[in-house]
Number of protein chains: 2
Amino acid sequence: MTPQQQFEAQLGTLIDKLTLLSKAQLEAQLNGYKAAEVHTIQYIGDHPTANVTQIAKAQYVTRGAVSKMTQRLMKRGLIQRYQKPDNKKALYFRLTPAGEKIYQIHAQLSRGFQQRDQSVFENVAPAEIQATLAFLEHYNQHLTQEITKRGLEK
Amino acid sequence: MTPQQQFEAQLGTLIDKLTLLSKAQLEAQLNGYKAAEVHTIQYIGDHPTANVTQIAKAQYVTRGAVSKMTQRLMKRGLIQRYQKPDNKKALYFRLTPAGEKIYQIHAQLSRGFQQRDQSVFENVAPAEIQATLAFLEHYNQHLTQEITKRGLEK
DNA sequence: ATTTTTTTGTTGACAAAGAAACAAAAACAG
DNA sequence: CTGTTTTTGTTTCTTTGTCAACAAAAAAAT
């Protein structure tokens, strides 16, 4: 197995495991709210001046998906829509108090995830972590080039 | 930003970029076949003795999803269902010649992805790669423990 | 200033996946 | 063996997302 193949394999299982763990936690704590809903609430909470298109790009989904999701969240009273006086087309969103509550619970869960894995970052040699970060950066740079080369950027 | 937060951020964009690139490639080359279909064909090709439950566990989806997908692939003549004489319940699958063709195209594409990123693994210091692999292993070990602790294993 | 092009958001038809309820078969317990 | 429990796969309903066609508004071109 080449290092490249090893990397792919390790990355694959890592993602699977992180997904498994966070999904279970989210479901347990945010009963009644779906993962995609919470995800959008979190993004709007962090970016209260983002319009539909920007939310879509950031979450790697289509504008249609965001349009439907924001309508659903409005119906459930979790977000509010607003516009700026100088533009009748772009739509922006902010959290209602009810949405804010979800946002806070999610933020707390995120802190929990971080604490859960903190020991790994504390007990591994700092050089190993630094090398990993450097490598991921290198890989990301390469992929950015490839994306540009193919004209696939968002 | 703590190293842990940096890691999360780098990992997030890495995954987004890899997804973007491979999706575009798959769609371009395997026109008419969805990513999920190809994924299942590939798994069946590699594991011709896996039943529905095993396919589901390996791909982190529900048995229902696999049930539907295999039915679809059968209708399209890409896979065949078979049973073992001593068990009337478990279902197994193998590729038809048409499915084999998809499998081969996918395999070729995978080699293409590998070549696309090969330069990263060639031009980065071996020590950096080794440290990265070591770190991912450490992280994976930790997550395995956490999954076991919570009784979430597949 | 008017026309053309691009951006922005929505909609409807459809595809993929999850969850829960279910039936059939297999495994197990006594 | 017989009855109970577990495993296996399917089905229905719901959630989430894509895609493509569309209308309205904004931006760019001339």
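Keep in mind it's a predicted model, so treat the numbers as computed, not measured. By convention in this document, chain letters (A, B, ...) are assigned in the order of the sequence lines, proteins followed by strands, and residues within each chain are numbered from 1.
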With a 4.0 Å cutoff (strictly under), does any side-chain N or O of B/S67 reach OP1 or OP2 of D/dT11? no
Candidate pair B/Q25 and B/Q29, rule side-chain hydrogen bond (donor to acceptor under 3.5 Å, both in side chains), full reasoning = CA-CA 6 Å; B/Q25 285 279 81; B/Q29 301 292 319; 5.1 Å; no
cation_pi(B/R94, B/Y82) dist<6.0 Å, angle<=45: yes
Just by distance, with hydrogens left out, do A/N87 and A/Q83 show a side-chain donor and acceptor under 3.5 Å apart? no
Closest to the 5' end of DNA chain D, once A/K88 and B/G64 are matched to their nearest nucleotides, is B/G64
Per nearest nucleotide of DNA chain D, the residue lying toward the 5' end, B/V52 or A/V61, is B/V52
Atom CE of B/M69 and atom P of D/dT10 are separated, to the nearest Å, by 14 Å
(message) Under 4.0 Å from OP1 or OP2 of D/dT10: is there any side-chain N or O of B/R81 that close?
(response) yes
Checking D/dA26, D/dG17, D/dT11 against the side chain of B/K68 (C-beta onward), the nearest is D/dT11
Students should find that the nucleotides of DNA chain C closing off the region near chain B, any atom under 4.0 angstrom from a heavy atom, are C/dA16 to C/dA26
inquiry  = Does B/K23 contact D/dT18 through a side-chain donor or acceptor facing the base, at a distance under 3.5 Å?
reply    = no
- request: Any chance you could lay out the salt bridge (charged side-chain N to carboxylate O under 4.0 Å, His left out) test for A/E37 and A/R76, step after step, and finish with the verdict?
  value: CA-CA 11 Å; A/E37 295 173 342; A/R76 301 201 187 172; 2.8 Å; yes
Centre-to-centre under 6.0 Å for B/F135 and A/F135, is that the case here? no
To the nearest angstrom, the CG-C1' distance between A/D86 and D/dA27 comes to 14 Å
Here the distance between atom C1' of D/dT6 and atom CG of B/N87, to the nearest Å, is 14 Å
To the nearest angstrom, the CG-P distance between B/L26 and D/dT18 comes to 16 Å
Exercise. Keeping the roles fixed (side chain from A/Q4, backbone from B/Q114), state whether a donor-acceptor pair exists under 3.5 Å.
Key: yes
(Q) So A/E37, base contact, sugar-phosphate only, or nothing? Heavy-atom distance under 4.0 Å. (A) sugar-phosphate
Using a 4.5 Å cut-off on heavy atoms from C-beta on, say whether the side chain of A/I55 contacts that of A/Y43. yes
**Prompt:** For B/K34, which contact category applies under a 4.0 Å heavy-atom criterion: base, sugar-phosphate, or nothing?
**Reply:** sugar-phosphate
Exercise for review: Determine the interplanar angle of the A/Y139 and A/F7 rings, folded into 0 to 90°, and report it as parallel if under 30°, tilted if 30 to 60°, perpendicular if over 60°.
Suggested key: tilted
Axis-to-axis angle across the helix from C/dA1-D/dT30 to C/dG30-D/dC1, five pairs each end, nearest 10 degrees, ~ 30°
Between A/V66 and B/R63, whichever has its closest DNA chain C nucleotide further toward 5' is A/V66
A/I102 backbone acceptor or donor facing A/H106 side chain under 3.5 Å: no
